[in-house]
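As a basis for the values below, the full set of heavy atoms in this structure was taken, side chains included, without hydrogen atoms, waters or symmetry mates.
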Amino acid sequence: MAGKFEVYEDKAGKFRFRLKASNGQIVASGEAYETRAAAKKGCESVQKAAQGAPIEETT
């Protein structure tokens, strides 16, 4: 099973997303958004940006 994005409402009434690996571990999370739709767009932005993104090491 592949990882998945979850969109949820936080305690402050804002919407957030988290990316979970196939083992259920949270590997990334997003900022607070005013609407569920905006949080979903945040997920889509991460999907597009991460596709083929290089890994760079910094010191």
Test salt bridge (charged side-chain N to carboxylate O under 4.0 Å, His left out) on E6 and K20; report intermediate values, then the result. CA-CA 8 Å; E6 294 180 340; K20 285 190 170 182; 3.5 Å; yes
Rounded to the nearest 0.5 Å, what separation is found between the [atom1] atom of [X] and the [atom2] atom of [Y]?
{"X": "Q25", "Y": "L19", "atom1": "CD", "atom2": "CG", "answer": "12.0 Å"}
{"X": "K11", "Y": "R16", "atom1": "NZ", "atom2": "CZ", "answer": "11.5 Å"}
{"X": "E9", "Y": "R36", "atom1": "CD", "atom2": "CZ", "answer": "6.5 Å"}

Give me the atom names and distance for the closest heavy-atom approach of A49 to A53. O-CB, 3.5 Å
Flag yes if V7 and V27 sit in one hydrophobic cluster, no otherwise; membership is Ile, Leu, Val, Met, Phe, Trp, Tyr, and two members link when side-chain heavy atoms are under 4.5 Å apart. yes
For K14 and E34, run side chain to side chain contact (heavy atoms under 4.5 Å, CB included): C-alpha distance rounded to whole Å, both residues' side-chain angles, the deciding distance at 0.1 Å, then the answer. CA-CA 5 Å; K14 305 288 183 176; E34 293 295 323; 2.3 Å; yes
Has K40 got more than 12 heavy atoms of other residues, nucleotides or ligands less than 6.0 Å from its NZ? no
Taking only residues at least two apart or on different chains, which pairs with a member in residues 9-49 satisfy ring-ring contact (aromatic ring centres under 6.0 Å, His included)?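 Only F5-F17 qualify under ring-ring contact (aromatic ring centres under 6.0 Å, His included).
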